[in-house]
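What follows is a single structure, written as structure tokens, with notes after it.
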Amino acid sequence: TLYDTWTFQGPRWDQMPVASWVPIDHMPTPPAVEAFCRKPNVTPIAMSKFGREQLQRKGIACEYVPHAIETSVFKPTPKIQQDDGKWLTGREIMGVPEDAFVVLIANANKSGGNVHRKAFPEQVLAFSIFAQQHPDAVLFIHSEQFGAMGGLAFDPLIAACGLSRDQVKFVNQYQLRMGIPQEAMAAIYTAADVLLSPTYGEGFGITVLEAMATGTPVIVSDFTAQSELAGPDAIKVGGQPWWDAAQMAWWSIPSVPEMVDALRQAYDRGQVRSEEAIRWVQSEYDADVVFDRDWRPVLDRLIEREPQAEAPRAFCNDKQTDPLITIYIPTWKRPELAALLDSLAPQLCPEVEVIVSDNDGSAGPLVRERLKNAPCRVDYSRRESNIGGDANILRGFAQGSGEWVWIIGDDDVLAPDAIRRVLSALDDMHYGAQDRLILLSKSAPKSAATAIGSLADIAAKDAGLPMAATLITANVCRREAVD
């Protein structure tokens, strides 16, 4: 996959091997991204060194393969030839004077709500401040102009920053929608004096590489993947941490004053090409280099890896019985579950049914193996996500068909003959008014054994027993009496 992993929802994502080329543009890794990357069937492939570091900090093993570009296309391109044979410079494509100082913004204008990750407002404001002292500066914006794809409308922003339409040029909007050839983009990058691209956070940031591959200097944020993409002659700017409540992780709002200073530095350098930046991109991020250096070994490891048996999402042995007791076991990553199942298996009989509700999904093979010969109904299912211990316990009273519900903690072990003795006690209570059977461990005092009455009556016999009755496994409840 090549997409934000928090969008991957539904059971199918747990039912196949997934190699996820994952963008991480926050610090730390957002919880939803972390949860997906932790799935046993998922192999995360970080697309930046920053992303790899964030995953490793969470204890998640991952591969690393960066994005790449075709440096045979993105290279210094003074002119391109049109279909009619006419040659155009990048500045002719942009419609800007040859003697202007051209600042290029080239990012997608999309956002969720009012948060604009690409930092267009901060970038335009920084340019407007810079342009006050540099009247020959022109801002060329290669992006959607009107906010049609959920982004911002540039025109009000430009007006609020005091810029005239002579100072700001936009890519032809029809051509943008139809697709601009990469060779034309290389000419546009070449014709620009600097790419202005600090953002709140980047999973990678491929336009930065494209610009540097043509020799154009870049201004980027010193945050997330942009830090490692700041090659020779790049200028990095700092920012202010900003908490993204939706993702529950940090972004960084690029500093407007630092962007102004960076534009001044670029202006003072003059119209120069960075040959060192060109060579650096070619050696580190050319598509053929990345494929041979990074993709080949990763793909070989993925091919060689034994496919993991997919844990069943749900199964039932379909034994048709009329149980008196529903034994319900809520579980989540509990190694002790094996001991419980081993103590349970030899005691099972048609008068009970066993339901295992898994908050993780790893217990399916264990349940199937340990209870494969059960003479009663065995039902296993795993939740779509971890619903928490309390919610998993409470759902037990709505599962199964037994008159009585016995919820057993996944780290408990049944005493031999426990089920027979519980069935015997319930048989005695079948026509009585009692709606709860409290079980005592071997070590518990026997002063209240066989006592019938309220908790207050039982406490009168032994003051500690009401506390013992709060243990999950100690209670067998009549289903219809549970409120």
Side-chain angles (χ1 to χ4, degrees), residues 69-108 120 123-124 126-127 130-131 134-145 154 158 163-176 178-198 205-220 229 231-235 259 262-282:
I69 65 170
E70 294 283 357
T71 58
S72 60
V73 175
F74 289 97
K75 60 186 179 181
T77 307
K79 295 181 179 181
I80 61 167
Q81 189 174 24
Q82 298 187 109
D83 292 340
D84 61 5
K86 181 181 178 181
W87 289 86
L88 292 177
T89 67
R91 297 205 169 201
E92 288 173 329
I93 295 172
M94 291 188 284
V96 299
E98 289 296 328
D99 58 351
F101 180 81
V102 179
V103 177
L104 172 63
I105 292 176
N107 273 319
F120 292 128
Q123 293 172 8
V124 173
F127 174 81
F130 164 77
H134 300 86
D136 58 334
V138 173
L139 177 63
F140 184 79
I141 300 176
H142 184 88
S143 193
E144 198 280 323
Q145 184 175 352
F154 272 99
I158 291 168
L163 291 167
S164 69
R165 292 313 304 266
D166 292 336
Q167 294 174 289
V168 181
K169 303 291 184 181
F170 281 92
V171 64
N172 181 287
Q173 296 295 291
Y174 176 77
Q175 292 177 350
L176 179 69
M178 297 304 295
I180 294 177
Q182 290 187 323
E183 291 78 8
M185 284 304 306
I188 290 171
Y189 283 124
T190 303
D193 292 294
V194 66
L195 176 73
L196 181 61
S197 196
I206 205 163
T207 59
V208 172
L209 290 183
E210 291 173 346
M212 285 192 297
T214 68
T216 296
V218 299
I219 301 172
V220 297
L229 298 185
D233 297 318
I235 304 173
M259 280 193 282
L263 288 169
R264 289 169 178 161
Q265 291 180 47
Y267 186 89
D268 291 342
R269 290 176 181 174
Q271 295 180 334
V272 297
R273 300 289 97 193
S274 176
E275 295 297 331
E276 192 176 355
I278 295 171
R279 290 191 294 270
W280 181 74
V281 174
Q282 291 172 343

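As the structure is a computational prediction, the values presented were derived from the model and not from experiment. Throughout, numbering of the chain's residues begins at 1 and tracks the sequence. Quick note: numbers below take in every heavy atom, side chains included, and nothing from hydrogens, waters or symmetry partners.
- Ring geometry for F130 against F101 counts as tilted: the plane angle lies between 30° and 60°, on a 0 to 90° scale.
- Partner Q271 forms a side chain to side chain contact (heavy atoms under 4.5 Å, CB included) with one of T216, D193, V102, V194 and no other, that one being D193.
- What you find for A106 and T207 is that their closest heavy atoms are O-CG2, 3.3 Å.
- A donor-acceptor pair is defined here as one N or O able to donate and one able to accept, closer than 3.5 Å; such a pair exists between the side chain of R273 and the backbone of T190.
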- Begin from the C-alpha positions of F74 and M185 and carry the test side-chain contact (heavy atoms from CB on, under 4.5 Å) through to its verdict. CA-CA 8 Å; F74 289 97; M185 284 304 306; 4.1 Å; yes
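- Under the 3.5 Å distance criterion, the side-chain polar atoms of E183 are left unmatched by any main-chain donor or acceptor of I80.
- Although no hydrogens or angles enter the test, the distance criterion places a donor-acceptor pair under 3.5 Å between the side chain of R91 and the main chain of A100.
- Rounded to the nearest 0.5 angstrom, L229 CG and W280 CH2 are separated by 6.0 Å.
- Contact check for H142 versus I180: side-chain heavy atoms found under the 4.5 Å cut-off.
- No side-chain heavy atom of S143 sits less than 4.5 Å from a side-chain heavy atom of N107.
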- Query: Taking it one step at a time, do E98 and T89 satisfy side-chain contact (heavy atoms from CB on, under 4.5 Å)?
  - Reply: CA-CA 9 Å; E98 289 296 328; T89 67; 3.4 Å; yes
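- Side-chain atoms of V281 and E210, non-hydrogen and from C-beta on, never get closer than 4.5 Å to each other.
- Counted within 6.0 Å of CG on D84, heavy atoms from surrounding residues, nucleotides or ligands total more than 12; the atom is thus considered enclosed.
- Closest approach of Q167 and A131 over heavy atoms only: NE2-CB, 3.9 Å.
- The distance between the ring centers of Y267 and H134 falls below 6.0 angstrom.
- Heavy atoms only, all atoms of each residue included: A213 and I278 are closest at O-CG1, 3.6 Å.
- Taking 4.5 Å as the limit, every side-chain heavy atom of M259 sits out of range of all side-chain heavy atoms of F127.
- A side-chain donor-acceptor contact under 3.5 Å links R269 to the backbone of D233.
- Of all heavy-atom pairs spanning S274 and P232, the tightest one is OG-O, 3.9 Å.
- A distance of 9.5 Å separates CG of L209 from OH of Y189, quoted to the nearest 0.5 Å.
- The closest side-chain heavy-atom distance from L163 to V124 is below 4.5 Å.
- Using a distance-only test at 3.5 Å, with no hydrogens or angles considered, a donor-acceptor pair links the side chain of T77 to the main chain of K75.
- Residues Q123 and P198 meet the side-chain proximity criterion, which asks for heavy atoms closer than 4.5 Å.
- Shortest non-hydrogen contact noted between I235 and A266 is CD1-N, 4.2 Å.
- Once rounded to the nearest 0.5 Å, the distance linking CD of Q282 with CD1 of I69 reads 9.0 Å.
- Between Q82 and L88 the shortest side-chain heavy-atom distance falls below 4.5 Å.
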- Under the side-chain contact (heavy atoms from CB on, under 4.5 Å) rule, what do I219 and L263 come out as? Steps first, then yes or no, please. CA-CA 8 Å; I219 301 172; L263 288 169; 3.8 Å; yes
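- Using a 4.5 Å heavy-atom threshold, the side chains of V168 and F154 count as separate.
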